Amino acid sequence: MAGDITETGSLYSPFMGLIYIFNLIVGTGALTMPRAFGAAGWLVSLVLIILLGFFSFMTTTFVVETMSVANARLRWKTREKQNEVHKATFEEKLHAAFTNSHKKDDAHTEDVIEEEEENQSEEERRALLAPVNDPKRRRVDLYDITERVEMGQMASMFFNKVGWYLFYLCIVIYLYGDLAIYAAAVPKSLRDITCPVNITCNIKPSKQINLTNSSPCWGTTVNRQNAYRVYLAAFSLLLGPFVFFNVQKTKYLQLLTSLMRWVAFTIMIILAMTRITHGKGEGHPVMASVTSVPNLFGVCVYSFMCQHSLPSLVTPIKNKRHLSLLVFFDFLVILVFYLVLSFTGIFCFKNMDIKDIYTLNFMDKCDPITSAQEISYFLGLFPVFTLSTNFPIIAITLRNNLKTLFHRDGYTYPWIIDRIFFPLLTIVPPIAVAFGTDDLEFLVGVTGSYAGAGIQYLVPAFLVYSARKEQRILFGPGSINKHTSPFRHSFWVYFVWVWGTLSIIFVTVNHILTKS
């Protein structure tokens, strides 16, 4: 996300667009949601996730509207340049006509002027006089989203220098948190799968003892914390070098990870529902626990994150006529999916037993939820495969954003800065954070509560506010944007500003009070 206008790529149907948005949103955050639900209480979680899902949908429509205004601005600038070129060409021909006027009469000169004026206005008249249902008219609609304008480019268009810096700072912090979450989730999953637990199953001590980082893993010499760090070191050495190069996610790799995600979540829901319907559910969640709300807020914000990647997903959609309605349907499906996954989890497992990586709950050897060990290991290794494929892509995105953040006009980075310093600046901080803590619930909560809230709430609201202002200046107050958000009233923009700011303040105060 370096902020440039990139190629749209292959077009696809609205249905495929909904699938891509679903796959983007439903990811790591969903694995931490059941534990957050169990800690905050089922009623509080229900209300908060519906509220946050609604706000996320609203700001998604803000980003789509800003994309349409950005396309209109680019199209308008292009027309201006074309007019300037045409005007220069016309003046050259006119000058040549007057130069040769001693050989030709004045009538010929007038013919040249009339011909050029007709050519200059022919394209504009065709666009203005064509019927609304004319395909040619649709092709020249100012607000058609045909160019993929990333959020960094939109920030350059509509923000001043301070706003531009704050935007990139927010993006960079969020991506750092994202990498730290991935760097902790993969080694933690591997450790919990491979570390044996010496227990006697007939008395179910796994329900009584509490495994800690100091508990033995491989014999008496290597404890669980050291095993986690060994896996983290291997993870860093294997995937870290990719940040020094340019790697793009292939289509087939994306399809494979998407298929694994669907299969894994579907299996977890079916297994949990089967245990509950057979009367073996052990979960008795509380109705509300206010102290856990800030962490639930961060998890939910993180789990609905998609705004930063919308341009690459929305632009290739062929028919965008009912785009807001399609996005609303997608968010509704995701909301129901999150509720089913989380509620089956909190009623299937005891609150104290729900892992911060939900897939690990399906690997209990003493009280297995399924007799098929292959399914248990597949679910346990699911985060390892999917997160490992995404880690290099996110790292390269962060590296490019860091370069953009520190770039100065007319300055070229030296080779050692460009190829060594920025990759190290990208990979070292999140790995260091992962070495310091493996608490995924905390990492997701902090990332979502601060940088996530900025990207999901504040940035889209400021973008659409500035885009609407420029739209009125360039095209007049009567210009109609077919991609205008359903929340077109200024009240909603102000409300999102207040909501995002108060949410960050509330989370911060609660963290301070909790620690004190």
Side-chain angles (χ1 to χ4, degrees), residues 28-56 204-212 265 268-304 334-364 366-367 369 438-449 452-453 499 502-516:
T28 316
L31 298 179
T32 62
M33 194 170 282
R35 178 166 175 170
F37 267 53
W42 65 268
L43 181 59
V44 171
S45 301
L46 176 63
V47 173
L48 189 61
I49 194 174
I50 293 175
L51 191 62
L52 295 181
F54 169 74
F55 282 125
S56 183
K204 294 185 180 180
S206 59
K207 304 297 181 181
Q208 302 170 9
I209 63 173
N210 184 27
L211 293 174
T212 64
F265 282 119
M268 287 188 288
I269 291 174
I270 292 176
L271 291 178
M273 290 183 67
T274 301
R275 171 168 284 198
I276 294 172
T277 54
H278 288 174
K280 298 181 180 180
E282 300 177 337
H284 301 283
V286 297
M287 183 178 293
S289 176
V290 180
T291 57
S292 300
V293 168
N295 192 67
L296 175 66
F297 170 81
V299 170
C300 291
V301 169
Y302 185 81
S303 300
F304 277 110
I334 292 169
L335 175 63
V336 172
F337 176 81
Y338 281 160
L339 289 174
V340 172
L341 177 70
S342 300
F343 272 79
T344 54
I346 63 177
F347 283 98
C348 180
F349 303 102
K350 288 183 179 179
N351 183 23
M352 60 181 297
D353 291 336
I354 299 179
K355 311 288 186 181
D356 53 1
I357 304 179
Y358 184 53
T359 52
L360 297 177
N361 278 95
F362 297 85
M363 296 201 63
D364 193 328
C366 284
D367 190 17
I369 195 170
D438 63 352
D439 190 345
L440 277 182
E441 191 177 19
F442 168 77
L443 291 174
V444 172
V446 171
T447 303
S449 298
W499 166 260
L502 291 180
S503 298
I504 293 174
I505 294 174
F506 169 72
V507 170
T508 304
V509 171
N510 188 274
H511 280 311
I512 294 173
L513 293 178
T514 301
K515 289 184 178 180
S516 61

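This structure is a prediction, so every number in the text was calculated from the model and none was measured. Along the sequence shown, the residues carry numbers beginning at 1.
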Name the one of Ile49, Leu341, Thr32, Leu46 that satisfies side-chain contact (heavy atoms from CB on, under 4.5 Å) with Phe37? Ile49
Roughly how far, to the nearest 0.5 Å, is CD1 of Ile269 from OG of Ser342? 9.0 Å
How many angstroms lie between CD1 in Ile369 and CG in Asn361, if you round to the nearest 0.5 Å? 8.5 Å
Between Ile346 and Gly38, what is the shortest heavy-atom contact and its length? CG2-N, 3.5 Å
Taking the six-membered ring where the residue is Trp, are the ring centres of Phe349 and Phe362 under 6.0 Å apart? yes
Are Phe55 and Phe304 close enough that their ring centers fall under 6.0 Å? no
Listed once per pair and sorted, the salt bridge (charged side-chain N to carboxylate O under 4.0 Å, His left out) pairs that draw on residues 286-295, sequence neighbours left out: none
Between the CE atom in Met273 and the OG1 atom in Thr344, the distance rounded to the nearest 0.5 Å is 7.5 Å
Selection residues 273-300 - residue pairs positive for ring-ring contact (aromatic ring centres under 6.0 Å, His included), sequence neighbours left out: none
Can you tell me how far NZ of Lys280 sits from OG1 of Thr274, rounded to the nearest 0.5 angstrom? 10.5 Å
Are any side-chain N or O atoms of Asn351 and backbone N or O atoms of Pro285, one a donor and one an acceptor, separated by less than 3.5 Å? no
One should read off an interatomic distance between Leu360 CG and Ile354 CD1, to the nearest 0.5 angstrom, of 12.5 Å
Separation of Asp438 CG from Ile357 CD1 (nearest 0.5 Å): 8.5 Å
Main chain of Ile504, side chain of Thr508: is a donor-acceptor contact present, judged purely on distance under 3.5 Å? yes
Kindly give the heavy-atom pair with the smallest separation between Lys350 and Glu282, and that separation in Å. CG-O, 3.6 Å
If every non-hydrogen atom of Pro294 is compared with every non-hydrogen atom of Ser449, which pair is closest and at what distance? O-OG, 3.7 Å
Whether Tyr358 side chain and Met268 backbone form a donor-acceptor pair below 3.5 Å: no
What's the shortest heavy-atom distance between Val301 and Ala453, and which atoms? CG1-N, 3.8 Å
Shortest non-hydrogen contact between Ala39 and Ser289, atoms and distance: O-CB, 3.2 Å
